[in-house]
S.K.: 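My questions all concern the structure below.
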Amino acid sequence: MPAAAAPIISSVQKLVLYETRARYFLVGSNHAETKYRVLKIDRTEPKDLVIIDDRIAGFSNMLVATVWNPFSHVYTQQEVRELLGRLDLGNRTKMGQKGSSGLFRAVSAFGVVGFVRFLEGYYIVLITKRRKMADIGGHAIYKVEDTNMIYIPNDSVRITHPDEARYLRIFQNVDLSSNFYFSYSYDLSHSLQYNLTVLRMPLEMLKSETTQTRQESFDIFEDEGLITQGGSGVFGICSEPYMKYVWNGELLDIIKNTVHRDWLLYIIHGFCGQSKLLIYGRPVYVTLIARRSSKFAGTRFLKRGANCEGDVANEVETEQILCDASVMSFTAGSYSSYVQVRGSVPLYWSQDISTMMPKPPITLDQADPFAHVAALHFDQMLQRFGSPIIILNLVKEREKRKHERILSEELVAAVTYLNQFLPPEHTIIYIPWDMAKYTKSKLCNVLDRLNVIAESVVKKTGFFVNRPDSYCSILRPDEKWNELGGCVIPTGRLQTGVLRTNCVDCLDRTNTAQFMVGKCALAYQLYSLGLIDKPNLQFDTDAVRLFEELYEDHGDTLSLQYGGSQLVHRVKTYRKIAPWTQHSKDIMQTLSRYYSNAFSDADRQDSINLFLGVFHPTEGKPHLWELPTDFYLHHKNTMRLLPTRRSYTYWWTPEVIKHLPLPYDEVICAANLKKLIVKKFHKYEEEIDIHNEFFRPYELSSFDDTFCLAMTSSARDFMPKTVGIDPSPFTVRKPDETGKSVLGNKSNREEAVLQRKTAASAPPPPSEEAVSSSSEDDSGTDREEEGSVSQRSTPVKMTDTGDSTKVTENVVQPMKEVYGINLSDGLSEEDLSIYSRFVQLGQSQHKQDKSSQQLCSRCPDGVIKLTIRLNLFPKSTS
């Protein structure tokens, strides 16, 4: 069945910035370098940004556009050469002079981050290096490796300001080469469920949207697919990004309504990692994407609680995607995802760090008897995720001195108040669990209790899968599968609702709890794709080790961004298997976090406020470093009287409550259709042909360019290399049977791990031989869970020394049993003749290859003609 719709691929993926005295010319092309666009940036304006695009005519505040020419805004390769030649000739100092050039190539890039102005003129920020981090259905996800910030106005018109350099330094403190990600064809700000739901819109909706878009559009290039096909072809869909998770939205806002949409490259901040789970040769990609919110963003002690608009601090949406890599298409492939959220307690609270205490006292800043800020926050969640909203609160409940319990009491009161007005079937579910207390108890196994909570959560929310239930669920029915929640549709399942996990910092305890919930969801995802016979995964298997390592990278990265150090307590801490050597590393991480919070967080907060556009430098007003607090920057409603006040009882948006349990953002309605751009293309058009975009079949390329992503593999990095071991990634193994303990060279292992950590831009966490332990580590079993058979979370016990000979006999199997022949015995004459025949074939082939190489070396011109390319744009560093 042909695809009804496909994502639109951006036509601007490679850029070159050319410079003259009066202009910058930004030339962008698609991946195949067959279609080009040109932006002209004026350099004679000292403070205004003047961008001329061939698409739109008109004026916009400080942004100016020229008269629209419908036939010149898309160029071929030859037309671009001629255009650049004319510009070069026209900008020389003397006509006909050949010694000097009038057009200079300034920089090559892969995307525009945006434009920013402080107190002088505008800067343009370009992505100059990128690295491929993941692949979802053929759609590449890149990490920003390096950027270049270029001042636009010419030196002759520049009006200098003494504070410009300081603002520039503060802005550049936001390291864009650290955990910023983008994609040319996949919307990273939305979940996989949203992106695939949009692609499955009914054809009638797409046709009506295409007709309406064509009437409103002035871009012939976008509509040429309609003209050439006469009503047939493939619909291309592009949706508006979810701006809450976009970090350069303010930098692109000034050009958003003036230039073609392909120039707009939205980036997210957080984490992206991908690993390959090999199941008897069948590749399955496990991808983890974390989107950090750009609203009320900041550092640990300086951003707590929520602002007046319902945005909370340290809010991160984590999505785990499972896909069968043997089929790449979104239409024919098998994809599954599960989403969960972490974020600070949605109340008005803070901690005063001026006392220089490791744990500053928690203060409730404002009284909120009607839970106004919590209502705004949960209304946003209902709109994006649907119902039920499940809160897993991990803060302490029993303390000698009241500290964290303040937040628990206020959160319980807020949820109780809000629930009394919601319909009973859509109420907010609140699960309090003092994780620190259970960690110290010798009568409780923390991960077993978390596993029980995870099972109940996943059963309520369900998960997303884009295909109907496998036939294996009918052949091998499972009770847990029949109790699964969510929404079942003819094409698969939808996740309705979300788990929201929080502790005080939303770092260590939260990451472990999210790992356990993700591990439970991963079992259901594998079962839904027919890869395991029961929706259950045990520790000490290759699959769980791979997933745990992915989550530790995820936790380390998010902890560095918000807290200033890596995770202190890891999964192995709560499994009671962390070695004693980790205690000193825990102390170092704690000291690093304390130092960062006390001395560097204020500067980092200023950088984030400037980068996100929370603060705009203005002549005659206080500078950023002169403000006593940034409270009024993030709580703008406190500076004015609101014309309308939300109801204290009907605190939700009416349209949202009508469609529950489905998320309103994914419902097909007029408001959501306005967020889509729908075009019709030929099925082989470059804008929607993801196969040609990924494999480049008509171009001479190498395997290194096409398959440049070196991801962690369960078979290479975790599966034992001993002959005779079960290769299944779901087999429970002993600690000394893992692939990392039998790789041989320790330095090579550490180098491989370091490369993988560097790819995720997170400093390498401690190795497996030194995983975290703390004062909370106490061995024991959970005796409080009566009658429940919980998952084994303790490692397999080591074999006694007396049984070492038996282990060797079981591991090293006889050669005849493995290969079917004993090589120490003599070979028969028939086997020798077959062997000699193959040797002769190999020698003759070697001679033939050698002669062909000599022939090619005599005619190098032919090779040059095969490999020559237009060198207008650089190759990706990926």
Side-chain angles (χ1 to χ4, degrees), residues 49 111-119 122-127 144 147 149 166-182 188-189 240-256 264-271 290-317 343-344 377 380 557-558 560-564 600-618 621-627 629-639 761:
L49 179 64
V112 180
V113 176
F115 297 84
V116 63
R117 176 182 176 270
F118 308 122
L119 296 172
Y122 274 89
Y123 298 83
I124 181 173
V125 185
L126 299 173
I127 300 172
V144 178
T147 56
M149 196 168 178
R166 186 168 182 179
Y167 275 115
L168 180 61
R169 187 169 60 252
I170 294 174
F171 183 87
Q172 291 178 337
N173 280 342
V174 176
D175 187 7
L176 284 171
S177 64
S178 175
N179 310 114
F180 284 89
Y181 305 92
F182 67 92
L188 288 173
S189 65
E240 288 186 4
Y242 192 65
M243 299 307 296
K244 185 175 185 177
Y245 298 116
V246 173
W247 275 64
N248 63 333
E250 188 69 24
L251 302 179
L252 292 174
D253 188 61
I254 192 169
I255 64 169
K256 182 172 63 174
L264 306 177
L265 185 64
Y266 296 100
I267 61 176
I268 67 167
H269 184 41
F271 173 81
R291 310 173 184 92
R292 180 174 291 279
S293 172
S294 61
K295 309 296 183 182
F296 203 51
T299 54
R300 184 185 177 200
F301 284 126
L302 298 179
K303 286 292 163 283
R304 295 293 210 188
N307 64 3
C308 58
E309 298 176 355
D311 303 309
V312 298
N314 195 23
E315 183 174 6
V316 182
E317 178 181 306
S344 187
H377 177 68
Q380 291 179 12
T557 304
L558 298 182
L560 277 166
Q561 294 166 6
Y562 182 66
S600 63
D601 277 5
D603 294 335
R604 290 173 57 205
Q605 185 66 56
D606 287 344
S607 301
I608 293 172
N609 290 339
L610 187 62
F611 183 86
L612 293 177
V614 179
F615 176 84
H616 294 278
T618 306
K621 291 188 177 181
H623 295 297
L624 178 61
W625 53 87
E626 295 175 349
L627 298 177
T629 176
D630 65 349
F631 176 84
Y632 298 105
L633 298 178
H634 293 273
H635 297 76
K636 296 181 180 179
N637 289 347
T638 59
M639 302 295 292
S761 281

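Just so you know, residue 1 is the first one in the sequence shown, and it goes up from there.
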S.K.: OG of S294 to CD1 of I268: how many Å apart, nearest 0.5 Å?
M.R.: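 Answer rounded to 0.5 Å: 11.0 Å.
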S.K.: Tell me every residue that passes ring pair (Phe, Tyr, Trp, His ring centres under 6.0 Å) with Y245, counting only those two or more places apart in sequence or in another chain.
M.R.: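 Y242.
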S.K.: Do D175 and F180 make a side-chain contact, defined as non-hydrogen atoms from C-beta onward lying under 4.5 Å apart?
M.R.: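 No. Closest side-chain heavy atoms not under 4.5 Å.
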S.K.: Can you name the ring pair (Phe, Tyr, Trp, His ring centres under 6.0 Å) partners of F115, sequence neighbours left out?
M.R.: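 Scan of F115 (ring pair (Phe, Tyr, Trp, His ring centres under 6.0 Å), adjacent residues dropped) gives none.
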S.K.: Going by distance alone, is a donor N or O of one side chain under 3.5 Å from an acceptor N or O of the other, for H634 and D311?
M.R.: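 Absent: no donor and acceptor within the cut-off.
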S.K.: Over all heavy atoms of both residues, which pair between T629 and F631 is shortest? Give the atoms and the distance, please.
M.R.: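 In this case the closest contact between T629 and F631 is OG1-N, 3.1 Å.
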S.K.: Can you check whether G310's main-chain N or O pairs, donor with acceptor, with N307's side chain at less than 3.5 Å?
M.R.: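 Yes.
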S.K.: Does any part of the side chain of L624, heavy atoms only, come nearer than 4.5 Å to the side chain of L610, both counted from C-beta?
M.R.: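 Of all side-chain heavy-atom pairs linking L624 with L610, at least one is under 4.5 Å.
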S.K.: Does this structure show an ion pair linking D606 with R166, if we count only N-O contacts that are shorter than 4.0 Å?
M.R.: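 Here D606 does not pair with R166 in a salt bridge, since their nearest N and O are not under 4.0 Å apart.
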S.K.: Without swapping roles, check the side chain of Q605 against the backbone of A297 for a donor-acceptor pair under 3.5 Å.
M.R.: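 Such a contact is found between Q605 side chain and A297 backbone.
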S.K.: Could you check if a side-chain atom of H616 sits within less than 4.5 angstrom of a side-chain atom of E250, using non-hydrogen atoms only?
M.R.: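 Yes. Closest side-chain heavy atoms under 4.5 Å.
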S.K.: Return yes if some donor-acceptor pair links the side-chain N/O of S344 with the main-chain N/O of A313 below 3.5 Å, else return no.
M.R.: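 Side chain of S344 to backbone of A313: no pair is present.
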S.K.: With the side chain counted from C-beta on, respond yes when I124 and Y122 share a heavy-atom pair under 4.5 Å apart, and no when they do not.
M.R.: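 No. Closest side-chain heavy atoms not under 4.5 Å.
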S.K.: Taking side chain to side chain contact (heavy atoms under 4.5 Å, CB included) as the test, write out the residues that go with N173, two or more places apart.
M.R.: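 Scan of N173 (side chain to side chain contact (heavy atoms under 4.5 Å, CB included), adjacent residues dropped) gives S607.
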S.K.: Between the side chains of N314 and R304, is a donor N or O closer than 3.5 angstrom to an acceptor N or O?
M.R.: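 No.
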S.K.: Can you list the residues that meet the ring pair (Phe, Tyr, Trp, His ring centres under 6.0 Å) rule with Y167, with sequence neighbours excluded?
M.R.: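 Once residues adjacent in sequence are excluded, the partners of Y167 under the ring pair (Phe, Tyr, Trp, His ring centres under 6.0 Å) criterion are H623, W625.
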S.K.: Any donor-acceptor pair under 3.5 Å linking the side chain of W247 with the backbone of R292?
M.R.: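 Judged by distance alone, yes, a pair lies under 3.5 Å.
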S.K.: Could E315 and K244 be called an ion pair, given the rule that one side-chain N must be under 4.0 Å from one carboxylate O?
M.R.: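 So E315 pairs with K244 through a salt bridge.
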S.K.: So, using side chain to side chain contact (heavy atoms under 4.5 Å, CB included) as the criterion, who are the partners of Q172 when residues are at least two apart?
M.R.: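 Result, side chain to side chain contact (heavy atoms under 4.5 Å, CB included) vs Q172: M149, L168.
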S.K.: V113 and N248: which non-hydrogen atoms are nearest, and at how many Å?
M.R.: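 Answer, listing the atom of V113 first, then N248: O-ND2, 3.0 Å.
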S.K.: Are there over 12 heavy-atom neighbours, none belonging to K295, within less than 6.0 Å of that residue's NZ?
M.R.: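 Open: at most 12 neighbouring heavy atoms sit under 6.0 Å from NZ of K295.
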S.K.: Is the closest side-chain heavy-atom distance between L558 and V316 below 4.5 Å?
M.R.: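 With C-beta onward as the side chain, the pair touches.
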S.K.: Could you check if a side-chain atom of F171 sits within less than 4.5 angstrom of a side-chain atom of Y123, using non-hydrogen atoms only?
M.R.: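 No. Closest side-chain heavy atoms not under 4.5 Å.
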S.K.: Any chance you could measure R300, atom CZ, to L302, atom CG, to the nearest 0.5 Å?
M.R.: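 Here the rounded value is 11.0 Å.
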S.K.: Are the side chains of L633 and L627 in touch, meaning some heavy atoms are under 4.5 Å apart?
M.R.: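 They are in contact (side-chain heavy atoms under 4.5 Å apart), so the answer is yes.
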S.K.: Indicate yes or no for a side-chain donor-acceptor contact from S293 to the backbone of R291 under 3.5 Å, with no hydrogens or angles considered.
M.R.: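 Absent.
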S.K.: For L49 and I254: C-alpha separation, side-chain torsions, deciding distance, then whether side chain to side chain contact (heavy atoms under 4.5 Å, CB included) applies.
M.R.: CA-CA 9 Å; L49 179 64; I254 192 169; 4.0 Å; yes
S.K.: For the atom pair CD1 (I170) and CG (N609), what is the distance rounded to the nearest 0.5 Å?
M.R.: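 So the CD1 of I170 and the CG of N609 are separated by 10.0 Å.
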S.K.: Which distance, rounded to the nearest 0.5 Å, do you find between the OH of Y266 and the CG of L188?
M.R.: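 So the OH of Y266 and the CG of L188 are separated by 13.5 Å.
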S.K.: Got a second to check how far L265's CG is from L251's CG, nearest 0.5 Å?
M.R.: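 The distance works out to 12.0 Å.
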S.K.: Decide yes or no for Q561 and N179: does some side-chain heavy atom of the first lie under 4.5 Å from some side-chain heavy atom of the second?
M.R.: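 The answer is yes; the side chains approach within 4.5 Å.
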S.K.: Mind checking side chain to side chain donor-acceptor pair (under 3.5 Å) for H377 and listing every partner two or more places apart, or none if nothing turns up?
M.R.: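 Per chain and number, H377 pairs via side chain to side chain donor-acceptor pair (under 3.5 Å) with R500.
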S.K.: Drop me the distance from L176's CG to L126's CG, to the nearest 0.5 angstrom.
M.R.: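 Atom-to-atom, L176:CG and L126:CG are 11.5 Å apart.
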